[in-house]
Every structure is written in structure tokens, then in C-alpha cells.
Amino acid sequence: MSDPTEPSLFAAPPMAEQERMVEAVLFASAEPVTLAELTQRLPEGSDPAEALVTLRRRYEGRGVNIVKVGNAYAFRTAADLGHLMHKESVETRKLSRAAIETLAIVAYHQPVTRAEIEEIRGVAVSRGTVDQLIELDWIRFGRRRMTPGRPVTFVVTDHFLDHFGLETTRDLPGLKELRAAGLLDSRPLPGADATPDEELDGQTELFED
Amino acid sequence: MSDPTEPSLFAAPPMAEQERMVEAVLFASAEPVTLAELTQRLPEGSDPAEALVTLRRRYEGRGVNIVKVGNAYAFRTAADLGHLMHKESVETRKLSRAAIETLAIVAYHQPVTRAEIEEIRGVAVSRGTVDQLIELDWIRFGRRRMTPGRPVTFVVTDHFLDHFGLETTRDLPGLKELRAAGLLDSRPLPGADATPDEELDGQTELFED
Amino acid sequence: MAETWDQADRLAPSDRMAAEALIVDVDGYEGPLDLLLTLSRSQKVDLRKISVLQLAEQYLTFVSQAYQLRIELAADYLVMAAWLAYLKSRLLLPPEPGELGPTAADLAAHLSFQLERLAAMREAASRLMALDQLGRNVFARGIPEEVSRRRDIRYEATLLDLMRAYARIRTRDDFRPFALDRENVFTMEQALDRLRSLIGYAGNWADLTSFLPDGWDLTPARRRSATAAHFAAVLELAKRGQVHLRQSDTFAALEIRRREP
């Protein structure tokens, strides 16, 4: 970022104008637009992050709002007006109970291995379930776990966040309570081999950025 | 249209609320919306025509405006900001099968020579394919192989990892995992002696360390 | 499900036990843990405070009911039953002094932790699905604008594409059997041609296997293929009235003889 006290060769447009620009770019796109992309598209020296602050405030309580998804922003209709949009709503495939539970486990425990999902649910996870969630672009393969066998892990995608209107996985409903109750800890069966420390590291990583 | 002086059975929402509704409907609709349609979608007794007047005024001079298209209304980017829409015009195309296969081989087997790619794919790799992947900044030249002819090798770039959301190529799932996730349906046919999981031994570096 | 629980809650404990004995429907549960969670609901207490002993009893009753009704129980139900029976005995007996390993109380606490966690994840799943969802409660721009001034082609590929491509290449070999392995297959047409020219010599009863071509009895695969082809060909010839067939016993040698015109 350039030092604001240093005069730039290209004077950035006034903030009100930058706000209009951000508004136009976000409005035009159906997908969330990252801050990096906004910076790239606005004239040199612009500060879209600042423009976004006022713009978001301007749309508070309106029929459309600006939501933050991961590191990106998008206009979305206000949730209370959903009933007016019947025409636009797309019938989504009905997810099986196994798929919904698997999705929740990935979201709350990520990064999580298949074995861990099975341990929590108490049953095997079928191929179709994981496949369906990957197809929906709600979960993806994450980093391998640094434990014997180096199993792959699953994490949720930004598209998942966008779909459920979450800014980050920290906003998952009830996350704090679940964590406080110790229900997100990986707790091995007493007497079983101690869990390698790495596993716990993987757990925390996710929730701090 | 109902006479505003005549009391309706259903109290129409306040005008500010109607404005929000029109705003949301125009935003989400895949086509410009006519006044008749708005009347139909808003609660009984609403006056979308009036809501539109204030709403249009509200968007005057903003980054997006409400424009009348024939007999219908829609949001459009302000004309003077059209230049910002360059990125939106980006046309995305699927990579050709040859390119995606070549990319996959480089990712899973890097560093790999062109002859090795051809051996794995079973067909010649065209220059164009390699050039395209280099141009996309997904693969680059690696070190020369210390074998007769000292052929160049290909490796994937950081940009590739970034694009595909990988930390390292080691995070790529192996065949077993692909199969477990249901992404791979083929099963060795009975009678075929092939034991596909053992075939993985060829890819040593990646799947076992 | 909820109805079943409500109903169960209204009953006296003894009646409830009896009622549960009747709802032995293994298909209704997603494994032993799911069943245990359902059973634990009848205790109407915090999952951390459930009586694992009582739970073990209920589960074992369930399993024995299923057994009496001759319902097939998956192995994992039986493994759980064995483990709970073990746990139950450990819980009932005083700990042996100097005993190593986890105590029965630890094991019981872990089981209630597992149940609580599963219940919590189910609750979380339903809260997740109750969130405002894009395309259902909340909507994106209906007419994304795509002003084409400069055509910039961006090639797209997802990780899924990449993995599928790789999987396709690596499993290509698995598909090979689709292309018939000609080398080790003797077709019926070939056998028919061969037999037509040989049949003239079969004036007396002769074993079918003696007609097999040289070199086809060396490997089992080739022998099987040649035998099958010749057998089919002989049937065809018999149907056409060109040969007689006889077999003295099941699996005995099949003999053929030319049919005199």
C-alpha cells in the first residue's frame, strides 16, 4: 500500500466515487468479490476496504445488504424478504440425513478425516455422501494430517460459507458453546494410544486466522 | 389500482418497507420486472409505482441505477462506470482434456519429463498443451534430469497451488482416497489380475513417505 | 422418531421397557451409537449424567430381543453388545487393587461423551440447515452484468477436474478387459469350423476333450475357453443333426459320434 501522505502520480478518486465504484462492481457480480480483486479493478491508489465500510453501512436495513464471505463481499437480498422471491428460488436436492450430519461434522470439526467423521457418527461414511458434498462444492480435500498414514482431511469451502451466509466458520451457530462444552475436542477412548499432538494443532488452526 | 383513501382489509406495509421489497425483487430477478409483476408479488394494497419513484431517486447518482427497460425495471451499473466491468467480461473456458490430464500428471508426478507424461497418458503431448499450461502459470520448467539427453522436467507453480487451494502437492488425494470418496467408480474387473492399489507404488514420492 | 420418544416418555418404566422390546427394528438405526443415543433419551437426563449401567442393560435387552426374533444383527451391534457387557461387569465389580488401564468410570464417561457429541452434532446440523440459505432465503444478483469490452479468456479447472482426470488416467488399465483378450479366447465359430472338418473321423464314440486343439491345454484359461467353445459347437452340431452326444453320468466325459446320414 502506498503511503497516503506521499503524493501519488495518479490521484485516487474521491472516496464517494470509490464507493460508487465498489457498489457497481459488487452489484454486477453474482459471486462474492474479494478485496484483492476490488483493489485490482479500482483506479490506482483507491482504498476499497474503506469505501466498503461506508457502503455497507449505507445498505444496512435496506432490501439488499452487503455480506462478507471469507475475504470477499457480495450483495444479497435481506433474509426477511425471502418470501417475495419464490420465483427465483431453486429447488435444491434433498440431502440425506447422513449427508447433512457429515457436512455439519466437517464444518464444526474441520479439518477432519474420514475416520474421525465415522468415529463421531458411529457408522461408516458412504462414498456417495462425500461425493455429493464435494459435488455441491460445500466440502473439499484439505491438508493431509501429519499422523501415520497421512490421511487426507476435509474442510468446508468458501462456497459453503456463501451458501449459508457465514462470514467465517467461526460464525457457525452454537460453535462457542460446543467448544466450551468440550464437544469439539478430539478425545480418544481411554486406554487407547494417546493422540498425537499434531492432531490438536490441526484443530485450532482453522479457527484462528 | 386501489384507491389509497379506501381502507383495505389487509393493511399495506409502510412505504419504506415497500421500497425495500421492490429493491430486493428487482435485484434478485433474472429479468427486468414489470409494474404488474411487482404489484402481484408485493403484499395486497402495496403501491409499487410509488415505491419505485422514491427508490429510483435514492439510486440517482449511485454506482447502480434503476432503469426502465421497455415496460419493466431493472438495476444497471451506472453508465460512467462501465469501464470497471472489464473483469466481468472474462470468459471462462474449461481446460481441454489433454491439458487437464497433463496438468494432473505433472502435479502427481513432478518433476516429470515430457516423455514420462506421454508414457503415462499413452499419447503424445502436443506443444500447445504444454505452452498453454506454462502460459497459465500452472506449470514451469524444473531442473534437468541427469539422464542421457538431460531432458527438462516440469513442475507445478505456486500459482497452481494457490489456484487449487493446496498447500503442497502432497495434499493431493491418492487413488485410494479418490475411490473412497466415490470420485472413482471403476473397479478392477474380476479376472483382471491388476491390483490397482499396488500400482500406486510407481508414484512413490507422493503417496508414501 | 420424536413421536416415539414422546410416547415412550408417557409410559411407566416397566411398560417402557416392554414397549422398547417390541420396537426391535434394527433398520431404523444408523448403527449401535445411534441406537444407544435413542435409548439414552428415555432416561430424560443430561447426557453427561446418564446411567451407563442402565443404558448397557437396555442395549443388551434390545440385542437379546433381536436375537430371539431371529433378526440379523450386524457385527458392529454385537461388538458393542460384548463391549457393554464387559463394561457392565466392570462397573458392578469393585476395581481390583493395582489394576492397570482405564477405569470402568473412565470408559463409561467416554461413552456418554460420544453420545453427547453425536447428539450435539445432530443439533448443530439442524441449526446449520435452518440458516438462511442462498437461493432459498437469500438471493444473489439475478442479472449478473457481463460487459464485454475486452475478451479475456480464462481457463478454468477445479481440483475436482484435476483429480478426476488423474483418476481416469490411472485406472485406464482397469478397463482393459472390455477389449476382449483375443489371444486366450477360442470362439465358438472357430470351434465349429474345426469340428466340421474333424467330425468325419468320429465314426466311433470319442471324448470331446480329445478334439481340443494343440496348445490349448497348457494354461487353465486357454483350456477353459477351448472346452467351452467346443462344447457349445457340439451342441450346435447335435441340434443340426450332425452328431450324437452321450454322457454316462453327471460330470462324466462327454462323448460324440458322427451321425450317419
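Chain A is the first sequence line, chain B the second, and so forth, proteins listed ahead of strands; every chain is numbered from 1.
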Pick from Leu81(A), Thr77(A), Val123(A) with the largest number of heavy-atom pairs that fall under 4.5 Å of chain C: Thr77(A)
Gap between atom CG of Leu183(A) and atom CG of Leu47(C) - 0.5 Å precision: 9.5 Å
Leading residue by heavy atom contact count with chain C [cutoff under 4.5 Å; candidates Ala79(A), Gly165(A), Ala124(A)]: Ala79(A)
Partner chain C: residue of Pro32(A), Gly182(A), Ala104(A) with the largest heavy-atom pair count (under 4.5 Å): Ala104(A)
Exercise: identify the closest heavy-atom pair between Pro32(C) and Gly122(A): CD-O, 4.5 Å
Pairs of heavy atoms under 4.5 Å with chain C: top-ranked of Gly174(A), Gly82(A), Pro173(A): Pro173(A)
Closest non-hydrogen atom pair, Met121(C) against Ile105(A): CE-CA, 3.8 Å
CG on Asp80(A) to CG on Asn137(C), rounded to 0.5 Å: 10.5 Å
Residues from residues 60-70 of chain A approaching chain C under 4.5 Å (heavy atoms): none
Proximal component of Glu119(A), with respect to chain C [non-hydrogen, under 4.5 Å]: both
Arg122(C) side, atom CZ; Arg121(A) side, atom CZ - distance, nearest 0.5 Å: 6.5 Å
Side chain to side chain contact (heavy atoms under 4.5 Å, CB included) assessment of Met129(C) paired with Leu95(A): CA-CA 10 Å; Met129(C) 296 317 279; Leu95(A) 281 180; 4.1 Å; yes
From CD1 (Ile120(A)) to CG (Leu33(C)), nearest 0.5 Å: 10.5 Å
Heavy-atom closest contact (Glu30(C) atom, Ala98(A) atom, distance): OE2-CB, 4.2 Å
Interatomic distance, His163(A) atom NE2 to Leu128(C) atom CG [nearest 0.5 angstrom]: 9.0 Å
For the student: nearest non-hydrogen atoms of Ser29(A) and Arg141(C), plus distance: O-CB, 4.1 Å
Interface moiety of Leu26(A) toward chain C, non-hydrogen atoms closer than 4.5 Å: neither
Full working for side chain to side chain contact (heavy atoms under 4.5 Å, CB included) between Gln133(C) and Phe164(A): CA-CA 5 Å; Gln133(C) 292 184 40; Phe164(A) 289 96; 3.6 Å; yes
Criterion side chain to side chain contact (heavy atoms under 4.5 Å, CB included) on Asp137(A) and Thr158(C), from CA distance to verdict: CA-CA 10 Å; Asp137(A) 195 11; Thr158(C) 64; over 6 Å; no
Contact winner vs chain C - Ala78(A), Ala74(A), Ala181(A), heavy-atom pairs under 4.5 Å: Ala181(A)
Electrostatic pair Glu116(A)-Arg117(C), nearest N-O below 4.0 angstrom: no
Contacting moiety of Asp171(A), where chain C heavy atoms sit under 4.5 Å: neither
Any residue of residues 104-111 of chain C which, by heavy atoms, sits under 4.5 Å from chain A: Asp106(C), Leu107(C), His110(C)
Under 4.5 Å from any heavy atom of chain A - which part of Met80(C): neither
Distance (rounded to the nearest 0.5 Å) between Arg97(A) CZ and Asp34(C) CG: 5.0 Å
Proximal component of Leu178(A), with respect to chain C [non-hydrogen, under 4.5 Å]: side chain
Options Arg127(C), Glu123(C), Met163(C), ranked by heavy-atom pairs under 4.5 Å with chain A, top entry: Arg127(C)
